[in-house]
Engineer: 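Pasting a structure here, questions to come.
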Protein chains: 2
Amino acid sequence: MLIYKEIKMKKKKVDLEDLFELSEFFKFFGDSTRIRIIEFLREGEQSVLAIANYLEMGQSAISHQLRILRMANLLTFRREGKAIYYRLDDEHVEKIFQLGLEHILHKRGK
Amino acid sequence: MLIYKEIKMKKKKVDLEDLFELSEFFKFFGDSTRIRIIEFLREGEQSVLAIANYLEMGQSAISHQLRILRMANLLTFRREGKAIYYRLDDEHVEKIFQLGLEHILHKRGK
DNA sequence: TTTATATATGAGCATTTGTTCACATATTCA
DNA sequence: TGAATATGTGAACAAATGCTCATATATAAA
């Protein structure tokens with residue numbers, strides 16, 4: 001019976017707590033501003049103003065979103081003079097971004 | 001110069017429209033009820049009531065969320081008598097769930 | 001056909017979320 | 001030191017979201 005389960009590759013039950021955390025994790029990707037920031041940072045670190053200009057949004061709005069991503073440990077930053085440069089800080093972030101992108105592009109046959 | 005870009009594996013710019021759609025896609029995973037439904041359905045199809053009982057939530061709340069996942073083409077369903085059985089309808093859904101799960105488990109060293 | 005069971009859905013409501021605005025903090029330069 | 005530039009953050013507000021309640025629809029059973 002154990003062997004049967006192994007053969008079937010039965011999915012392991014996930015703790016309720018982990019599922020809550022998982023949905024919280026995906027929330028970071030579920031906002032267009034944040035996903036655009038992530039996309040931009042895939043090319044390398046960028047300052048806050050550079051991000052704001054790229055997205056054509058206010059600096060404050062960007063700072064608020066960067067804070068969210070930073071506190072989730074998805075970004076790191078370094079200061080250089082007056083500017084602060086943010087960069088992606090998690091290999092999973094890029095992988096998940098890429099997988100999601102493949103999904104929607106595949107879905108529409110791109 | 002083209003070769004240089006290829007060697008660097010420069011990330012392709014993603015259309016703004018695609019980024020909006022991508023964030024919409026991740027929103028489906030960014031809710032604890034929906035992620036719990038997805039987790040439950042990884043084991044195979046389940047009726048609405050079975051899902052509601054498993055999550056210990058009302059049938060209406062589950063139906064509302066199933067509708068959202070269904071309209072996103074993440075689920076299919078079949079009727080059998082009075083019951084309707086839902087199942088995952090997208091290989092990407094499981095992959096993204098799995099990758100996200102690996103992320104949070106890795107992050108806490110499980 | 002009436003009753004029971006399973007699911008779907010619109011309206012209402014409370015909560016969450018993202019942006020803007022005003023202002024605070026930090027660094028550089030004159 | 002004072003002005004300019006870059007970034008951070010709390011409050012307020014509007015929009016989006018998810019649940020509950022009541023009710024509609026569909027199928028099966030009596």
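Throughout, a chain's letter reflects where its sequence line sits, starting with A, and its residues are numbered from 1.
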Engineer: Rounded to the nearest angstrom, tell me the gap between atom CG in A:Leu66 and atom P in D:dG8.
Structural biologist: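 It is 7 Å, rounded to the nearest whole Å.
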Engineer: For A:Thr33 and C:dT19, is the shortest distance between a side-chain N/O and OP1 or OP2 below 4.0 Å?
Structural biologist: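 It does, given that an N or O in the side chain of A:Thr33 lies less than 4.0 Å from OP1 or OP2 of C:dT19.
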Engineer: Whole-Å distance between D:dA6 C1' and A:Tyr85 OH?
Structural biologist: 10 Å
Engineer: To the nearest Å, give me how far apart CZ (B:Phe77) and P (C:dT7) are.
Structural biologist: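 Checked: the CZ to P distance equals 12 Å.
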Engineer: Which atom pair, heavy atoms only, marks the closest approach of A:Arg42 to B:Lys12?
Structural biologist: NH2-O, 3.2 Å
Engineer: Calculate the interatomic distance between A:Ile51 atom CD1 and D:dT7 atom P; express it in whole Å.
Structural biologist: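 To the nearest whole Å, that distance equals 9 Å.
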Engineer: Verify the stacking flag for A:His64 against C:dT19: centroid separation must be under 5.5 angstrom and the ring planes must differ by under 30 degrees.
Structural biologist: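 So A:His64 does not count as stacking on the base.
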Engineer: Determine the minimum heavy-atom distance between B:Asp31 and A:Ser23, stating which atoms define it.
Structural biologist: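 Scanning both residues, the minimum pair turns out to be C-CB, 3.6 Å.
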Engineer: How long is the line joining CG of B:Leu69 and P of D:dT17, in whole Å?
Structural biologist: 14 Å
Engineer: Does D:dA6 have OP1 or OP2 sitting under 4.0 Å from an N or O in the side chain of A:Tyr86?
Structural biologist: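 For D:dA6, neither OP1 nor OP2 has a side-chain N or O of A:Tyr86 closer than 4.0 Å.
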Engineer: Does NZ or CZ of B:Arg70 lie under 6.0 Å from the centre of the six-membered ring of B:Phe77, at an angle within 45° of the ring axis?
Structural biologist: yes
Engineer: Would you mind checking if B:Glu39 and B:Arg36 are paired as a salt bridge, meaning a charged N to carboxylate O distance below 4.0 Å?
Structural biologist: no
Engineer: Is any side-chain nitrogen or oxygen of A:Arg70 closer than 4.0 Å to OP1 or OP2 of D:dG8?
Structural biologist: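 For D:dG8, OP1 or OP2 has a side-chain N or O of A:Arg70 closer than 4.0 Å.
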Engineer: Between the base of C:dA8 and the side chain of B:Gln59, is one N or O donor paired with an acceptor at under 3.5 angstrom?
Structural biologist: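 Answer yes: a donor N or O sits under 3.5 Å from an acceptor.
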Engineer: At their closest point, which heavy atom of A:Gln46 faces which heavy atom of A:Ala50, and how far apart are they?
Structural biologist: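 Reported closest heavy-atom pair: OE1-CB, 3.6 Å.
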Engineer: What nucleotide among C:dT7, D:dG18, C:dT28 has an atom nearest to a side-chain atom of A:Lys82?
Structural biologist: C:dT28
Engineer: Of the nucleotides C:dA6, C:dG18, D:dA6, which one has an atom closest to the side chain of A:Leu49?
Structural biologist: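 From the listed options, D:dA6 comes nearest.
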Engineer: Please determine if a side-chain N or O atom of A:Arg67 lies less than 4.0 Å away from the OP1 or OP2 oxygen of D:dT9.
Structural biologist: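 Yes, such a contact exists.
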Engineer: How is A:Ala61 classified with respect to the nucleic acid when contacts are heavy atoms under 4.0 Å: base, sugar-phosphate, or nothing?
Structural biologist: base
Engineer: Can you find a donor-acceptor pair, distance only, under 3.5 Å between A:Ser60 side chain and D:dT9 base?
Structural biologist: yes
Engineer: Atom CD1 of A:Ile68 to atom C1' of D:dT7: distance rounded to whole Å?
Structural biologist: 16 Å
Engineer: Between C1' on C:dA8 and CE on B:Met71, what's the gap in Å once rounded to a whole number?
Structural biologist: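 Answer to the nearest Å: 12 Å.
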Engineer: Calculate the interatomic distance between B:Arg78 atom CZ and C:dT7 atom P; express it in whole Å.
Structural biologist: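 So the CZ-P distance, B:Arg78 to C:dT7, works out to 12 Å.
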Engineer: Side-chain N or O of A:Arg79 versus OP1/OP2 of C:dT27: is the shortest distance under 4.0 Å?
Structural biologist: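 Answer is yes, contact under 4.0 Å.
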Engineer: Any side-chain N or O of B:Gln65 below 4.0 angstrom from OP1/OP2 of D:dT17?
Structural biologist: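 For D:dT17, neither OP1 nor OP2 has a side-chain N or O of B:Gln65 closer than 4.0 Å.
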